Number of protein chains: 2
Amino acid sequence: MAAQRTTIGALAKTTGIKIETIRYYERIGLIPSPPRSEGGQRIYEEDDRKRLSFVKRCRELGFSLDDVRTLLDLRQNDNRTCREVKEKTTTHLRTVRTKIADLKRMERALNTLAQSCEGGDDTHCPILEQLFA
Amino acid sequence: MAAQRTTIGALAKTTGIKIETIRYYERIGLIPSPPRSEGGQRIYEEDDRKRLSFVKRCRELGFSLDDVRTLLDLRQNDNRTCREVKEKTTTHLRTVRTKIADLKRMERALNTLAQSCEGGDDTHCPILEQLFA
DNA sequence: TCTTGAACCTGTAGTCACTACAGGGATTAA
DNA sequence: TTAATCCCTGTAGTGACTACAGGTTCAAGA
């Protein structure tokens with residue numbers, strides 16, 4: 001009848017982060033080591049879930065774990081300024097935009113290549129020819 | 001007065017691939033082990049340069065080294081068909097497009113976040129608030 | 001011929017963000 | 001009690017390099 005303890009498995013389920021990944025985040029100090037049951041199993045609280053969800057959202061936005069660490073620190077730190085957070089965000093935004101531009105360049109080139117080739121049974125391939133030129 | 005031997009450094013310079021990377025490609029069997037000088041230094045031929053340039057072009061298009069290996073094999077293999085090469089290309093094209101879509105989603109979200117924040121000296125930050133929600 | 005310095009060699013370990021075991025112990029429902 | 005399911009630690013693997021350390025070879029100038 002005792003309230004269910006939140007084990008790592010339950011936390012994994014509610015956050016959508018795999019058990020191994022949660023342990024990994026703990027190992028690298030991204031999330032705190034939670035208290036343990038008598039048998040040594042991790043027991044989590046609501047705060048842990050929130051912190052982990054924060055990490056997840058940041059990861060979905062493409063922030064590196066190092067960025068996430070900084071953002072978590074800023075969140076805790078009362079001396080922080082909005083400026084720092086916005087700066088991290090816009091810096092990352094620039095990185096993302098650069099990646100998009102790179103990928104679009106690839107896309108165009110690949111598309112041109114693909115269209116140059118009929119894809120039949122021929123042993124002569126214009127794609128290979130262009131790549132090998 | 002003997003013709004200059006193409007050392008790994010010269011090859012690196014003409015292909016734009018770093019020395020360490022060339023040695024790495026050799027180690028994983030992507031390019032053949034070239035003959036050596038008496039002192040044990042690698043000596044390359046024009047064919048090596050071509051092969052390496054092929055690898056570079058493929059990498060610039062975002063193909064994995066495993067894909068590159070396959071493409072190199074197809075290039076050597078007289079029994080290949082155009083179909084296989086085109087298939088690899090279009091499959092990769094789809095991957096690239098998926099990546100672009102993912103990054104664009106990130107970009108939109110990051111942009112919205114960034115615009116929600118003035119970036120001043122305030123200690124309350126709407127970006128963190130939204131991420132932590 | 002000797003010397004200097006640049007270029008080369010091997011082998012190993014580090015990067016990032018996980019993921020996948022192996023070989024065990026804890027917990028829970030029947 | 002027993003079986004099934006969960007959890008534990010520690011280590012090693014992934015991809016595609018990159019960065020050493022500690023040595024050897026080579027080419028050019030004195």
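Here is the naming used below: chain letters follow the sequence lines, and residue numbers restart at 1 for every chain. No experiment lies behind these values; they were computed from the predicted model shown.
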Taking only N and O in the side chain of B:Arg42, is any of them less than 4.0 Å away from OP1 or OP2 of C:dT10? yes
Rounded to whole Å, the OH-P distance (B:Tyr24 to C:dC9) equals 18 Å
Donor on one side chain, acceptor on other, A:Ser116 and A:Gln130, under 3.5 Å: yes
Whole angstroms only, please: what is the CD-P distance between B:Glu26 and D:dC17? 15 Å
When rounded to whole Å, the CD to C1' distance for the pair A:Glu20 and D:dC6 reads 12 Å
Is the shortest side-chain N/O distance from B:Tyr25 to OP1 or OP2 of D:dC17 below 4.0 Å? yes
Counting the atoms with a prime plus P, OP1 and OP2 as sugar-phosphate, which does B:Phe63 contact under 4.0 Å by heavy atoms, base, sugar-phosphate, or nothing? nothing
Which residue lies more 5' along DNA chain C, comparing A:Glu38 with B:Ile43 via nearest heavy atoms: B:Ile43
So, is B:Thr21 close to the D:dT18 phosphate, meaning a side-chain N or O under 4.0 Å from OP1 or OP2? yes
Mind checking A:Arg23 for me? I need base, sugar-phosphate or nothing, with any heavy atom below 4.0 Å counting as a touch. base
Any chance CD of A:Glu20 has more than 12 other-residue heavy atoms, nucleotides or ligands included, within less than 6.0 Å? yes
Report the residue (B:Arg27 or B:Ala10) whose heavy-atom-nearest nucleotide on DNA chain C is the more 5′ of the two. B:Ala10
Does B:Arg36 put a side-chain nitrogen or oxygen below 4.0 Å from OP1 or OP2 of C:dT10? yes
Do the side-chain N or O atoms of B:Ser37 get closer than 4.0 angstrom to the phosphate oxygens (OP1, OP2) of D:dC26? yes
Does A:Ile28 reach a base, just sugar-phosphate, or nothing at all? Heavy atoms under 4.0 Å. nothing
Minimum-distance nucleotide (side-chain atoms of B:Gln41 versus C:dT19, D:dC26, D:dC6): D:dC26
Count the heavy atoms belonging to other residues, nucleotides or ligands that lie under 6.0 Å from CD of A:Glu118, then report whether that count exceeds 12. no
Answer with base, sugar-phosphate or nothing: what part of the nucleic acid does B:Arg59 contact at a heavy-atom distance below 4.0 Å? sugar-phosphate
Round to the nearest Å and state the distance from A:Ile19 atom CD1 to D:dC6 atom P. 8 Å
Heavy-atom side-chain contact between A:Arg97 and B:Leu110 under 4.5 Å: no
Rounded to the nearest 0.5 Å, the SG atom of B:Cys125 sits from the CG atom of A:Leu74 at a distance of 8.5 Å
Base, sugar-phosphate or nothing for B:Ile8? Non-hydrogen atoms, less than 4.0 Å. sugar-phosphate
Measure from CZ on A:Arg5 to P on C:dT28 and round the result to the nearest Å. 6 Å
